Amino acid sequence: MNNVMVLDPLPQSRDLSKIVRFSKIIVPIIGLVSVVGIVILGLSIATLVKVDTRIHSVDSIETKPTINTKTLSRSLGSVLAESIRIDEVMSYLNELQRIANASNNTRAINTVGFNKTLDFIFNYLTANTNYKVNRQYFFVRDFALVSDPIFSSTIDGVTKTYNYSTDHSVADFYHVKYSTSINQRTNAELSVIPNVGCTDADWQNAKPSPHGRIVLVKRGICLFRDKSILAEKYKAAAVLLYNDGASPDRVAPIEISLAQNNSIPALFLSFTVGQALATAAQDSSKNARVQLVINTKNLPDFPVGNICADTPTGNVTQTIVIGSHSDSVPAGPGINDNGSGSAANLALAVALARLFRTPTYPKYKYRVRFCWWGAEEVGLLGTDYHVAQAKISTVVGERLSDYLINLNYDMLGSPNYFFGIYDGRTAKNDTPAQALPGSNKITDLYKEWFIQQNLPWDYTDFSGRSDYGPFLAEGIVAGGLFSGADDTKTKEQRDRYDQILGQGLGGIPEIIHDPCYHKACDSIQNINVQGYEKMIQAAAYALEFLGKQENLEGWLYPNSRSHRLKVRSY
């Protein structure tokens with residue numbers, strides 16, 4: 001996921017009993033996984049499920065099982081779901097961890113770790129499936145600071161210079177990737193944008209007008225790049241984004257990225273600094289002013305790859321796209337974000353290939369395209385590029401009109417997880433209408449599976465913050481699952497999960513779903529295998545359900561194909 005969070009220290013006395021109770025979770029994985037429980041990692045606390053790497057190594061999967069689909073249990077409602085081997089999925093995650101270990105603890109774009117991740121996925125698909133596997137490269141703009149940015153304020157005649165540091169826990173502010181330069185060494189007036197700056201009305205109602213001024217915008221609701229686009233539209237001189245202080249975990253400044261074509265200077269402030277400035281700026285007697293200096297430069301563009309693997313059968317003009325992003329953030333190995341989605345996607349692809357080789361499992365009428373997107377963490381760039389190319393393609397099977405649906409899997413193994421289902425009803429207002437009925441059906445499809453399995457579930461926001469966004473924006477039905485990032489598990493949620501799963505199995509309230517989100521500790525120990533396995537099974541169930549539909553397009557697009565193509569003409 002392409003939002004970031006820094007976790008403040010947890011009051012230890014408050015949660016000791018909760019930690020003890022939660023550490024009793026036992027995760028059965030065919031007898032191969034041992035449970036380590038809960039540990040405190042610096043400023044965070046996470047459920048750790050440790051997997052024996054000697055058992056769960058890619059090399060240990062020497063033979064492919066012979067599958068008799070007639071004898072598989074139907075308790076999961078899906079042959080594909082029953083055929084998923086969680087030990088095999090964990091072996092993929094262990095391989096990603098080994099790649100990160102050998103690559104400065106990261107798999108971010110423009111690193112050896114990312115390139116080795118692509119090689120692993122490509123080679124494993126080539127060796128274990130008969131799919132057509134392709135790489136698609138695009139170029140990404142690189143960015144660097146020439147010097148540390150400088151930021152100060154003058155309020156009531158008192159000048160304060162704020163601290164810039166790569167250690168977010170002590171920083172007052174942090175730089176923003178793809179910010180442009182500014183040299184504002186004289187005091188400049190501020191304009192506070194109402195609400196969170198996600199609508200034209202917010203900017204139009206700002207007093208004073210943002211035109212020519214440095215604007216303060218609080219975190220929330222929409223993407224940071226959407227806020228910056230509005231800042232450019234209303235001709236602000238620079239934008240100071242700041243954390244929302246909604247919880248102790250949302251106070252420190254965070255690392256964010258704006259669009260590659262951003263043309264406005266930007267910094268990200270802590271909640272403490274941002275709120276103090278906003279309060280002072282709205283009181284004219286305080287005469288609040290700021291100075292800022294940001295000196296940036298562009299580095300040479302570098303290539304980033306997408307991988308897509310197509311089933312050899314199925315109608316190429318009616319394609320099901322299963323996607324996940326393959327890159328991590330620079331700060332860590334990204335085993336949950338998004339190794340968990342990448343490994344789940346790989347497991348689905350391999351399991352389906354095995355089933356298609358059996359005589360008892362019917363092949364789908366529709367081509368399935370499994371994709372691993374690059375550069376999600378810097379703004380959904382891989383999917384943006386793929387969708388843009390598909391819009392102009394005239395090759396049958398490569399056109400955007402050949403895509404029926406995109407299912408997205410980004411973070412499925414969060415330690416303090418919830419079973420999150422993208423809620424089609426929360427799609428952005430400008431989402432093309434033809435995508436909404438089918439997206440809502442996909443929401444219900446996942447929900448019904450969790451209910452059938454007597455598992456808890458929750459809706460999660462569907463505003464386009466992950467790689468389904470570019471597809472949905474073009475009118476393609478989308479959906480997916482999400483186990484949580486930097487949002488806090490509520491007491492109500494914990495109690496509900498405890499009631500359904502069993503006492504002590506519902507997680508820890510008032511802790512974020514993944515305390516290692518976008519941090520160095522997002523390692524193989526950051527996966528809750530119990531929750532992860534259920535999410536993969538739900539993904540497999542959904543794929544098989546769609547693949548077995550007699551008229552999938554009619555089910556997803558009730559207004560008929562001709563109407564859909566007319567609406568989506570380019």
Side-chain angles (χ1 to χ4, degrees), residues 29-30 61 64-65 67-93 124-125 128-129 131 309 311 314 319-324 338-358 360-372 405-413 417 419-422 441-455 457 468 478-483 527 529-549 552:
I29 311 174
I30 320 176
I61 305 170
K64 302 174 182 61
I67 301 172
N68 184 347
T69 60
K70 291 183 178 179
T71 62
L72 282 172
S73 166
R74 296 304 192 272
S75 63
L76 295 177
S78 162
V79 173
L80 183 59
E82 291 283 357
S83 71
I84 296 293
R85 293 171 48 186
I86 189 62
D87 61 318
E88 188 172 352
V89 184
M90 293 305 298
S91 78
Y92 305 154
L93 289 184
Y124 198 83
L125 288 167
N128 292 277
T129 74
Y131 297 163
T311 56
T319 298
I320 299 168
V321 181
I322 312 293
S324 54
N338 181 40
S340 62
S342 293
N345 201 0
L346 188 57
L348 291 173
V350 172
L352 187 63
R354 289 171 179 163
L355 286 172
F356 278 172
R357 289 199 291 267
T358 67
T360 55
Y361 190 81
K363 293 180 174 61
Y364 302 162
K365 293 176 60 176
Y366 317 101
R367 179 180 64 176
V368 183
R369 171 168 282 183
F370 299 93
C371 293
W372 291 261
I405 183 172
N406 170 240
L407 298 179
N408 186 65
Y409 299 117
D410 185 0
M411 300 183 66
L412 301 183
Y417 69 93
F419 294 125
I421 304 167
Y422 291 136
K441 285 185 176 182
I442 296 303
T443 299
D444 291 340
L445 178 65
Y446 289 119
K447 180 182 73 174
E448 289 163 5
W449 185 84
F450 283 106
I451 292 172
Q452 290 166 5
Q453 296 299 309
N454 195 29
L455 294 170
W457 56 274
Y468 64 86
L481 300 171
F482 174 58
S483 61
I527 299 294
V529 186
Q530 181 188 46
Y532 185 36
E533 181 176 27
K534 293 303 179 186
M535 293 292 254
I536 301 170
Q537 290 169 347
Y541 170 83
L543 174 54
E544 183 171 279
F545 178 92
L546 297 174
K548 288 186 172 182
Q549 291 299 301
L552 180 57

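Because the structure is predicted, anything quoted here is derived from the model rather than measured.
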Problem - Distance-only polar pair, side chains of Glu88 and Tyr92, donor-acceptor under 3.5 Å - result: yes
Problem - Side-chain donor/acceptor of Tyr541 to backbone N/O of Trp449, under 3.5 Å - result: no
Problem - Lys363 side chain vs Phe356 backbone, donor-acceptor pair below 3.5 Å - result: yes
Exercise for the section: Kindly compute the distance separating CD1 (Ile405) from CG (Leu407), expressed to the nearest 0.5 Å. Expected result: 4.5 Å
Exercise for the section: Return yes if a side-chain donor-acceptor contact under 3.5 Å exists between Ser75 and Glu82, otherwise no. Expected result: yes
Practice task
Please answer whether the main-chain N or O of Ser340 pairs with a side-chain N or O of Tyr532 as donor and acceptor at a distance below 3.5 Å.
Solution key: yes
Handout entry: Expected output: side-chain Asn338 to main-chain Tyr409 donor-acceptor under 3.5 Å
Key = yes
Completion exercise
The side-chain hydrogen bond (donor to acceptor under 3.5 Å, both in side chains) partners of Tyr364 (sequence neighbours excluded) come to Tyr361
Problem - Flag side-chain contact, heavy atom, 4.5 Å: Val368 against Leu546 - result: no
Problem - Residues that Thr443 engages under side-chain hydrogen bond (donor to acceptor under 3.5 Å, both in side chains), provided they are two or more places apart - result: none
Exercise for the section: Say whether, by atom type as modelled, one donor and one acceptor occur between the side chain of Ser483 and the main chain of Met411 under 3.5 angstrom. Expected result: yes
Handout entry: Check against salt bridge (charged side-chain N to carboxylate O under 4.0 Å, His left out), Lys447 and Asp444
Key = CA-CA 5 Å; Lys447 180 182 73 174; Asp444 291 340; 3.8 Å; yes
Practice task
Fit a plane to each ring of Tyr468 and Tyr422, take the angle between them on a 0 to 90° scale, and name the class: parallel (under 30°), tilted (30 to 60°) or perpendicular (over 60°).
Solution key: tilted
Problem - Min side-chain heavy-atom separation Ile84-Leu348 under 4.5 Å - result: yes
Exercise for the section: Enter the distance from Ile322:CD1 to Leu543:CG here, rounded to the nearest 0.5 Å. Expected result: 5.0 Å
Exercise for the section: Keeping the roles fixed (side chain from Glu533, backbone from Ile86), state whether a donor-acceptor pair exists under 3.5 Å. Expected result: no
